[in-house]
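The first residue of the sequence shown is numbered 1, and numbering continues consecutively from there.
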Amino acid sequence: QVQLVESGGDLVQAGGSLRLACVASGRTFSVYAMGWFRQAPGEDREFVAAMNWNGVGTIYADSVKGRFTISRDKAKNTMYLQMNNLKPEDTAVYYCAARVSKPMYGRSYYSEREYDYWGQGTQVTVSS
C-alpha cells in the first residue's frame with residue numbers, strides 16, 4: 001500500500017501563487033512516478049503534470065506550461081506543484097497520484113488509468 005496526502009490548496013486571487021505538496025507513505029520504495037491531476041465541477045479529471053521519481057524527466061499539460069512547476073524531494077517522499085499566475089480556470093480539486101513497480105513510457109503519463117494510488121484531493125479556488 002502507498003498512501004498519498006495532498007496539502008496546500010487554498011482560495012487565492014487571480015495572478016496569485018500556491019504550492020501544493022503530496023506526501024507519500026507506506027511502500028514508498030515501490031514508487032516509479034508521481035503526477036498531478038485536477039477535476040473542476042462538472043468536468044472530467046484532467047492531467048496537469050507528472051515526473052519520473054528518479055528525476056529524469058517532467059511533463060506538463062499545455063494549459064499549465066510556463067506557470068506550473070513540478071518537483072520532488074525523494075528523501076522526504078514528497079512531490080510539489082508550484083503554481084504561479086493562477087487563473088480562475090485553474091479552480092479544481094487537485095489530486096496526487098502514484099505509479100508503482102512498473103515503468104511508464106511516453107503518453108502513459110497522461111492517463112489516470114495508468115496510476116495505482118490516489119490522494120483524496122485538495123481544493124484550489126482562484127477568484128477573479
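Distance check: S7 OG to L20 CG gives 7.5 Å after rounding to the nearest 0.5 Å. Taken from OG in S101 to CZ in R27, the straight-line distance is 7.0 Å, to the nearest 0.5 Å.
No side-chain heavy atom of M83 sits under 4.5 Å from any side-chain heavy atom of R67. Between Q82 and S17 the shortest side-chain heavy-atom distance falls below 4.5 Å. By the 4.5 Å heavy-atom criterion applied to side chains, D10 and T125 are not counted as neighbours. The side-chain heavy atoms of V2 and V100, taken from C-beta on, include a pair separated by under 4.5 Å.
For the pair R99 and W53, the cation-pi test (distance below 6.0 Å, angle within 45°) is failed.
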message: With salt bridge (Lys or Arg N to Asp or Glu O under 4.0 Å) as the criterion, how do K87 and D90 come out once you've worked through the C-alpha distance, each side chain's angles and the decisive distance to 0.1 Å?
response: CA-CA 5 Å; K87 305 176 184 296; D90 296 316; over 6 Å; no

task: Test side chain to side chain contact (heavy atoms under 4.5 Å, CB included) on F47 and W36 and set out the steps.
output: CA-CA 7 Å; F47 172 81; W36 291 97; over 6 Å; no

- request: Show your reasoning for whether side chain to side chain contact (heavy atoms under 4.5 Å, CB included) applies to Y117 and V31.
  value: CA-CA 10 Å; Y117 296 97; V31 173; over 6 Å; no

- prompt: Going through the distances and angles, do E46 and R38 end up as a side chain to side chain contact (heavy atoms under 4.5 Å, CB included)?
  reply: CA-CA 5 Å; E46 67 174 355; R38 66 187 183 186; 2.7 Å; yes

task: Would you check, one step at a time, whether the test side chain to side chain contact (heavy atoms under 4.5 Å, CB included) holds for M34 with R72?
output: CA-CA 9 Å; M34 295 183 70; R72 61 98 172 90; over 6 Å; no

message: Checking K102 against D116 for the salt bridge (Lys or Arg N to Asp or Glu O under 4.0 Å) test, could you report, in this order, the C-alpha distance in whole Å, the side-chain angles of both residues, the deciding distance, and whether it holds?
response: CA-CA 10 Å; K102 294 180 292 184; D116 302 296; 6.0 Å; no

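Under the 4.5 Å side-chain contact rule for hydrophobic residues, F37 and M79 do not share a cluster. In terms of hydrophobic clustering, with Ile, Leu, Val, Met, Phe, Trp and Tyr side chains grouped at heavy-atom distances under 4.5 Å, L18 and V23 are assigned to different clusters. A continuous path of hydrophobic side-chain contacts links Y115 to I59 [ILVMFWY only; heavy atoms under 4.5 Å].
When atom types are taken as modelled, the side chain of N54 and the backbone of V56 share no donor-acceptor pair closer than 3.5 angstrom. Panel note: side chain S108, backbone Y105; a donor-acceptor pair is recorded below 3.5 Å. In this structure, T78 contributes its side chain and K76 its backbone to a donor-acceptor pair below 3.5 Å. With hydrogens and angles ignored, the 3.5 Å screen pairs a side-chain donor or acceptor of T91 with a backbone N or O of V126. Of the possible polar contacts, none joining the E6 side chain to the C22 backbone as a donor-acceptor pair under 3.5 Å is found.
Shortest non-hydrogen contact noted between G9 and V124 is CA-CG2, 4.0 Å. Residue P88 comes nearest to S128 through the heavy atom pair CG-CB, 3.9 Å, listed as atom of the first residue, atom of the second, then distance. Scanning all heavy atoms of the two residues, the minimum distance from V93 to G121 falls at CG1-CA, 3.8 Å.
Among residue pairs with one or both ends in residues 58-104, none qualify as ring pair (Phe, Tyr, Trp, His ring centres under 6.0 Å); sequence neighbours excluded.
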